[in-house]
Amino acid sequence: MSACCTPSSTKKNKRADFVVALAGNANVGKSTLFNQLTGLHQHVGNWPGKTVERREGSLVVDGYTIDVVDLPGIYSLSTFSIEELISREYIVFERPDVVINVVDASVLERNLYFTLQLLELQVPIVIALNMVDLAGDKGLSIDDKKLSEELGVPVVPTVANKGIGVYELIRQVINLAQRKIKLRPIRITYSKDVEERLEKLTELLKNEDVSYPLRFVAIKLLEGDEDIKRRVSKNIVEVAEKFAKEIKEIRDIPAPIVITSERYAIVSKIIKKSQKVLASPKISLMEKIDQLLTHKVLGYLIMVIVIFSSFYIIFTLGDYLSTILLETFDLIKPSIVAIIGEMMWEGFFGGFIAGVTLLIPFVFPFYLLLSVLEDTGYLPRIAFLLDNVMHKVGLHGKAIIPLIMGYGCNVPACFACRIMETQRERLISAFAVTFIPCTARLVVIYALVGVFVGIEWAYLLLLINFVVVMGMARLAFKVCPGESMGLIMEVPPLRLPALKTVLLQTWGNIKSIIYIVFPVYILGGGILATLYSFNFLQPVESLLTPLTVEWLGLPSYASIPLLFGVVRKEMVIIMPAIIFGTMNFTHLFTHIQMITLAFVSMYYVPCISTFMMLKREFGWKTAYYITISQIAFATFLGGLFYRALEVLL
Amino acid sequence: MMPERCGCHRQRHMYRHGQRLGDLVSLLELKNGQEGVVVILEGDEKVIHRLSELGIVPNTIIKVINSIPFGGPVEILVRGSKLIIGRDIAKGVLVRVEECEK
Ligand SMILES: Nc1nc2c(ncn2[C@@H]2O[C@H](COP(=O)(O)OP(=O)(O)OP(=O)(O)O)[C@@H](O)[C@H]2O)c(=O)[nH]1
Ligand SMILES: [Mg+2]
C-alpha cells in the first residue's frame, strides 16, 4: 500500500457475465468477503471505515466470470459522507446485476435498517448474514429462513473470514442474476402522515427525469437529502419542504427523524420474528479487558505503554534485523564483486543494499504491530480515549486513526482521512498527517541519530514531533474555515488477533515496497553515482549553501540527499551511503548535524507520493499550500533547533 | 417495562408547547450502567439525523457503559451495538431514566 495506492478502475470488465457489488454497514466483513472471492488483498481490520473507495476484482465460478465490487461501509443511503455518496451512486448509476448486502448478524437491528433502504432503492439483493459465529457467542440465534421470508430476499449465513457459506452465497447470486429465483421484497409502509405525502410527491415526480426510483426520491426529499434536492425541480423541493414541516408539526419531531424511527420500528418487528435470545450474554474475559483498556485512568496508562513499547519493539527489532542483513550482505559481497566489479556493486547495489538493510527491518515490524492493533479492535478504543485531546485541535477521536497509520506511510493515511465527516476535518487531519514521521523517516532518525548519537535522542525527536503535530493541527484549525462534527463511532468487540489476517495484512502493506521501491533505489543509485562522478551536482550544492550550511549548519553535501528525499524520505541517508560508500556516518556529520538533519528530514516537504495524494484529495492549491508551509516550517525551526543544540551540547 | 423513578440523578423538567414532558436528563448525566429511554434529540440537524440512523430515535433504550471525564466522550449500548459519542453530541440526547445502577 505504501507508495502506490492503486486507484480502482472504473471500467466494467467487458468479459464478465455479471457484476456484483458488496454493500452494507461498516466493519461487517465486506472486504473480507471480497478478498475471499477475488484473492486480492483489500485492507481488512477491526475498525469501521477502512474501505473509503470502491475496488474491483473478479472471480470465475461454475463457468461464470463475475466482477466483484467492494464498496465503503455505510449506515444509510443518505449522503452525509463521501462514502455514502460513492456507494449510493455506484449502486444506482452503475447498476450492478446483484447487490450482496453483507450484514453483521451480531448487530442485526442496525444492519437491517440499511437493508430496508436498499429495498427502497429497488435493487436485486442477496443478504450475506455474516458473523453468525459472533452472534452465537452473544447468545443470539437467527432463523435465516424466517428472515428471508420476512424480507422477501434470499439470506445466506456466512463466516467470511473462514470462508463458510461463501460458495452457497455465490450460487444464490448467480441464481438471482439469471432470474432463476424471484424476489418478493416487502413493501416498506410508513404511517399515514408520511404515506399520504409520499404519494403526492411521487405523483409530482412522474414528469421528472431522475435515475432513482420515484418513491425513493420522495422519501429522500422528506428526509431533506441535499443531493436529491439538486436533482429535481425547485417547486417540488418546495412542496417537499412544506410537507416535511407539516409532519414536524403533527408529530412534534423533525420529519427525517420520524422516517428513521418508523424504519427502525419495522426492523424491530422483523427482528422479533427472526431472532431469538438464547442466553443472556455474560461478561466475557474480553469485555473485562475492554473495560481496562478504556478505563479513565488505567486506559491512558496502558495506551502510553502500548505506544511506547511499539516504538521500542520497532527500533530494537529493526536494529537486530538490520544488523543481520548487513552481515549477510558483507558475507556474499566478495563473490558478487568478483563477477560484476566494484564500480557496479557500489553504484547499483549500494542503494539497493542500503534500502534492504534499512527499510525492511523497520517497515516489517511496524506493519506487523499495526495489523495486530487493527485486528484486535484497539484503534477505536484509542479514539475513545483521545477524543477530548483531539478536540483541542479542532478534530475528534476518529482522527487518531489516520494519524497512527501515518507512522507507516503518509499516503494511505491521507486517504484514510476520509473517515472524518466534514471537508474541514479531513483537511486538518491530512495536514497533521503529513507531519507524522512515516517509516521512511523513522529509518532516517534511527540510522542517523539512533545509531550514532543515542536512541534516547531518537525518542526525544519523536516526542517533539508529537507536540509539533498537535501544534500544526491547531494552527490549521485556526486558519481553515468550515464546519466540524463531533465523534460518533461504532465500537467493534475487542478480540484476539488472527494470525492469518495479520500476516496477510502485513504482506499487503510491504509488498509494494519490494516491487516498486527497490527498483527505484537501484535506478536512482546508479544515476546518482554517475552524476556524482562527473561532478554534475556541484552547482546545486553551492546554490543551496546559504540554506544548508549557513542557516542549518549542515555540510554542503547534505543538500543532494535532501533533494532526493523528495522522492522517498529514506533517500536522505541512502544517498550519502551510495556516494560515500559507507553507512558509518560519523565521518560525514557531527552529532549536532545528525540530529539537525534528522529533524529537518522529518518535516521539510511531503514526498512526491504524498503530494500526489494530497492533490487528489484536496486539489493542487491545497497540496501546494501544505508543501510550502512544510518547507517554511522545517527551514525556520530547523535553524532554531540547530542553534539550540549548539548551546545545549 | 414500567419506567421506574429513583432519586439517584439530577432531574430537569422539560416543557414543550406548555406541556410538561417529564423529568429528562441528558446522556451525560447518566452514570455508568444506567439506562434511559430517548425522548428528545437536540442539536445540529445533520447530527441528529445521523444519530437516528444509528438507532438513537425516540423510545429507544440506551445504556451508558463508560465515559471519560474532562470533556471526553461517552460509550453507550444501543440496539445491541456499542457506540462512542462525543460529549457535545451526547449533551443533546435527552432521556427519561429507566432504572438505577445495578
Ligand atoms: N468473527 C468473525 N469475524 C469476521 C467475519 N467476517 C469478517 N470478520 C472480521 O471483521 C473485521 C472487519 O472485516 P472487514 O472485511 O474489514 O469489514 P468491512 O465491511 O470491509 O469494513 P469497512 O471497509 O471498514 O466498511 C475483520 O477484522 C475481519 O477479520 C466473520 O464472519 N466472523
Ligand atoms: Mg472494507
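Residue numbers begin at 1 in each chain, while the letters A, B, ... track the order of the sequences.
Contacts between B:Ser67 and chain A at a heavy-atom distance below 4.5 Å involve the backbone alone (N, CA, C, O). Within the 4.5 angstrom heavy-atom criterion, only backbone atoms of A:Pro380 (N, CA, C, O) approach chain B. In this structure, the portions of A:Phe384 lying under 4.5 Å from any heavy atom of chain B include both its backbone and its side chain. Only the side chain of A:Glu109 comes within less than 4.5 Å of a heavy atom of chain B; its backbone N, CA, C and O stay farther away. Neither the backbone nor the side chain of A:Asn111 comes within contact range of chain B, judged by heavy atoms closer than 4.5 Å. Heavy-atom distances place the side chain of B:Ile89, and not its backbone, under 4.5 Å from chain A. At a 4.5 Å heavy-atom cutoff, the contact between A:Glu84 and chain B is made by side-chain atoms alone. At a 4.5 Å heavy-atom cutoff, B:Val78 makes no contact with chain A through either its backbone or its side chain. B:Glu75 touches chain A through backbone and side chain together, each having a heavy atom under 4.5 Å away.
Under a cut-off of 6.0 angstrom, the local environment of NZ in A:Lys248 is sparse, with at most 12 non-hydrogen atoms contributed by other residues, nucleotides or ligands. In A:Gln423, the CD atom is crowded: over 12 heavy atoms of neighbouring residues, nucleotides or ligands sit closer than 6.0 Å.
Interface summary for chain B: among A:His391, A:Gln117, A:Glu223, the most heavy-atom pairs under 4.5 angstrom belong to A:Glu223. Each of B:Gly80, B:Ala90, B:Pro73 has some count of heavy-atom pairs under 4.5 Å with chain A, and the biggest count is that of B:Pro73. Here A:Ser78 is the residue among A:Ser78, A:Gly397, A:Gly224, A:Pro493 with the most heavy-atom pairs under 4.5 Å with chain B.
Under 4.0 Å is where a charged nitrogen must lie from a carboxylate oxygen, and between A:Glu421 and B:Arg50 no such pair does. The residues A:Asp137 and A:Arg495 are annotated as not salt-bridged, no charged nitrogen and carboxylate oxygen being separated by less than 4.0 angstrom.
Checked by atom type and distance alone, the side chain of A:Lys138 pairs as donor or acceptor with a backbone atom of A:Ser106 at under 3.5 Å.
The line from CD1 of B:Ile56 to CD1 of B:Ile61 is 13.5 Å long, rounded to the nearest 0.5 Å.
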Next on the checklist: Could you walk me through whether A:Arg263 and A:Tyr190 satisfy the side chain to side chain donor-acceptor pair (under 3.5 Å) test, starting with their C-alpha distance in whole Å, then the side-chain angles of each, then the deciding distance to 0.1 Å, before giving a yes or no?
Outcome noted: CA-CA 8 Å; A:Arg263 274 198 206 112; A:Tyr190 296 91; 3.0 Å; yes
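In plain terms, the two heavy atoms of A:Asp227 and A:Asp225 that are nearest each other are N-OD1, 3.0 Å.
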